[in-house]
Amino acid sequence: MKTIGHFIGGKHVEGTSGRASDVYNPATGEVQAQVALASKSELDAAIENAKAAQPAWAATNPQRRARVMMRFVDLLHRDMDKLAEALSKEHGKTFPDAKGDVIRGLEVAEFCIGAPHLLKGEFTEGAGPGIDIHSVRQPLGVVAGITPFNFPAMIPMWKFCPAIACGNAFILKPSERDPSVPIMLAELMIEAGLPEGILNVVNGDKEAVDGILDHPDIEAVGFVGSTPIAEYVYTRGCAAGKRVQCFGGAKNHMIIMPDADMDQAVDALIGAGYGAAGERCMAVSVAVPVGEETADRLVEKLIPRVENLKIAPYTAGDDVDFGPLVTKEAHARVKGYVDAGVKEGAELVVDGRNFSMQGYEDGFFMGACLFDKVTRDMSIYKEEIFGPVLSVVRAKDYEDGLDLAMSHEYGNGVAIFTRDGDAARDFSARINIGMVGVNVPIPVPLAYYTFGGWKRSGFGDLNQHGPDAFRFYTRTKTITSRWPSGIKEGAEFVIPTMS
Ligand code: NAD
């Protein structure tokens, strides 16, 4: 049985805690590896390594740090297929989607090549007699990232690329469900020229997370995962005096106005609702047609499309629509939600619960499900399902649809499909959700903008990637200097002002 340890100080290190977790092949249901779960002492050793390496890295000029990112991007291209294969094998997503996972991370690495520019401070000459003021952005020291299973390449890169480009050392605690790709990424960073100890991967569970949150030498923590854990990490990390940003779960709505191009809206819902088996924080899980006539047209077009989705292992080819869920527990959870929806009175117009993949009967495959006439009080509406389940909630009118999305506790992404610029503009201005799509179903901002949800989808002030990442991983120092040749003022007891 393959064992996966840690990557500390630029080297593979075996786990010594005696604790490990199974890593599945979701397509076959077989355990394909065991991943070590770090003890506190193993974590402490990684942090010691990082702490020792960080000052020299911070003193390396930003252009040299950027060159490591440049080489890293080249290596990601070189190893794209290898990374995507390892990713699909542990996560279950299709091969093209696994490449997308790597590419969305790579794009943030590309953005970080701009570190010399992004880290520039400000300067005011002559702020007073003989006085100049300038500000600099300095790295924090050792920082950590805790990441979820659903994007095992992209989200680790969203975390460690900007942190490292800023001059920090990084401890990555990836998901224990698909741990291979994060270690492969760390190996590539070393090959790209990163000094040992600057990027460390410590595999683990709650024990490692708590160790990170309580450790006095970790200055900042970036987390992505489910909302209950995001809130826990935020609260405990802040109480320990750290800078913390946590991104949580979602329930993304797509409003379909009566004037929308219905074929385009259906295409969008099929891709955004069922891609990656719905295991995306930006998946659309709620379709909100406005008016009964729009709803009838939408559901009529959706049913055959949902029934004909191609579900298969990633090895079946690039035309597969989605693969299995990540674990048996995830499968049972999603099925439980569908059962609950039926009990609560929603109309299950496509029932994928009994789907079985021929030749892969032990895999964690779940057929696509479509609910109509879902209402606000149902658990399938209120809670994040994270599976291939789309709920149609019929809205009376535009205001009703807007209110629905605004009243939900999650606020990650939202979309409106319409041909009416007025409606789209009003919607974008009033909606209380962090990422908005107009005729775009998954409005994941590109690397040079920032990514983050509102309400219970995000905890903390700054977003991921884009300029916010460079703010999160640095602190600003402002230096006021005076070179008073010939100026003699004597002692000053009043606070200096510009009056
Ligand atoms: P998860 O919350 O189970 O795990 C996330 C991380 O927290 C993992 O590294 C895990 O090991 C750790 N963890 C799990 N339980 C813990 C505990 N009790 N104490 C401390 N740490 C713990 O999330 P997941 O199932 O891996 O990922 C799916 C979730 O992530 C979904 O809710 C999805 O919406 C969310 N997500 C959000 C974003 C975003 O940017 N908002 C992006 C991707 C995924």
Side-chain angles (χ1 to χ4, degrees), residues 19 21 23 26 35-38 43 90-93 101 104-105 108 144-159 171-179 181-182 201-214 221-237 244-252 276-285 325-327 329-331 333-334 337 383-387 408-414 433-435 442-445 450-460 462-466 468-469:
R19 292 193 315 123
S21 176
V23 180
V35 61
L37 301 175
L43 173 74
E90 288 183 356
H91 178 286
K93 64 176 75 174
D101 192 328
R104 270 299 174 116
V108 169
I146 301 159
T147 54
F149 82 86
N150 69 322
F151 281 100
M154 177 184 90
I155 297 180
M157 284 191 264
W158 283 11
K159 300 287 173 210
I171 307 289
L172 173 65
K173 205 305 283 170
S175 171
E176 60 275 40
R177 288 181 236 168
D178 42 15
V181 170
V201 183
V202 178
N203 281 306
D205 57 2
K206 181 170 165 47
E207 186 172 333
V209 171
D210 288 347
I212 287 171
L213 295 175
D214 296 342
V221 178
F223 171 92
V224 180
S226 59
T227 286
I229 312 295
E231 190 166 29
Y232 166 77
V233 167
Y234 187 71
T235 309
R236 188 159 171 165
V244 190
Q245 57 171 196
C246 296
F247 301 92
K251 197 80 183 176
N252 305 314
E279 290 177 322
R280 287 183 185 142
C281 70
M282 288 295 272
V284 172
S285 51
L325 291 167
V326 68
T327 56
E329 292 72 33
H331 186 278
R333 200 198 59 243
V334 174
Y337 270 114
E383 295 165 31
E384 182 182 44
I385 299 176
F386 224 55
H408 205 284
E409 67 169 337
Y410 291 123
N412 214 37
V414 71
I433 289 175
M435 292 171 281
I442 307 188
V444 178
T450 72
F451 179 110
W454 290 12
K455 299 189 275 183
R456 287 181 63 74
S457 294
F459 302 82
L462 293 166
N463 279 351
Q464 309 187 81
H465 65 62
D468 269 10

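For ligands, and for the atoms within them, numbers begin at 1 and follow the listed sequence. Being a predicted model, the structure only gives us computed values, none of them experimental.
Atom numbering of ligand 1 starts at 1 in the shown order; those under 4.0 Å from a heavy atom of Gln464 are 40 (O). Remark: ligand 1 atoms within the under-4.0 Å shell around heavy atoms of Asn150 are 43 (C), 44 (C). The ligand atoms of ligand 1 that sit less than 4.0 angstrom from a heavy atom of Arg177 are 3 (O), 24 (P), 25 (O), 26 (O).
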Please report the C-alpha distance between Tyr410 and Glu384 in whole Å, then the side-chain angles of each, then the deciding distance to 0.1 Å, and finally whether the side-chain hydrogen bond (donor to acceptor under 3.5 Å, both in side chains) criterion is met. CA-CA 9 Å; Tyr410 291 123; Glu384 182 182 44; 5.0 Å; no

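Ligand 1 lies out of reach of Gly453, whose nearest heavy atom is not under 4.0 Å from it. Proximity of Thr227 to ligand 1 is not established, as no heavy-atom distance is less than 4.0 Å. The closest approach between a heavy atom of Glu279 and any atom of ligand 1 is not below 4.0 Å. Ligand 1 has Phe386 within reach: a non-hydrogen atom of the residue lies less than 4.0 Å from it.
The option with the heavy atom closest to atom 6 (C) of ligand 1, from among Leu172, Ile229, Thr147, Val326, is Thr147. The residue from Phe451, Phe149, Phe223, Tyr410 that puts a heavy atom closest to atom 7 (O) of ligand 1 is Phe223.
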Expected list for residues 144-157: side-chain donor-acceptor pairs under 3.5 angstrom, two or more places apart:
{"from": "Asn150", "atom 1": "ND2", "to": "Glu279", "atom 2": "O", "distance (Å)": "3.2"}

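At least one N/O-N/O distance between Glu176 and ligand 1 falls below 3.5 Å.
Atom 4 (O) of ligand 1 is not flagged as protein-proximal [any protein heavy atom, distance under 4.0 Å].
Every side-chain contact (heavy atoms from CB on, under 4.5 Å) that Glu409 has, sequence neighbours left out, goes to Arg456.
Checking Phe247, Phe451, Phe223 one by one against Trp158, the ring pair (Phe, Tyr, Trp, His ring centres under 6.0 Å) holds for a single residue, Phe451.
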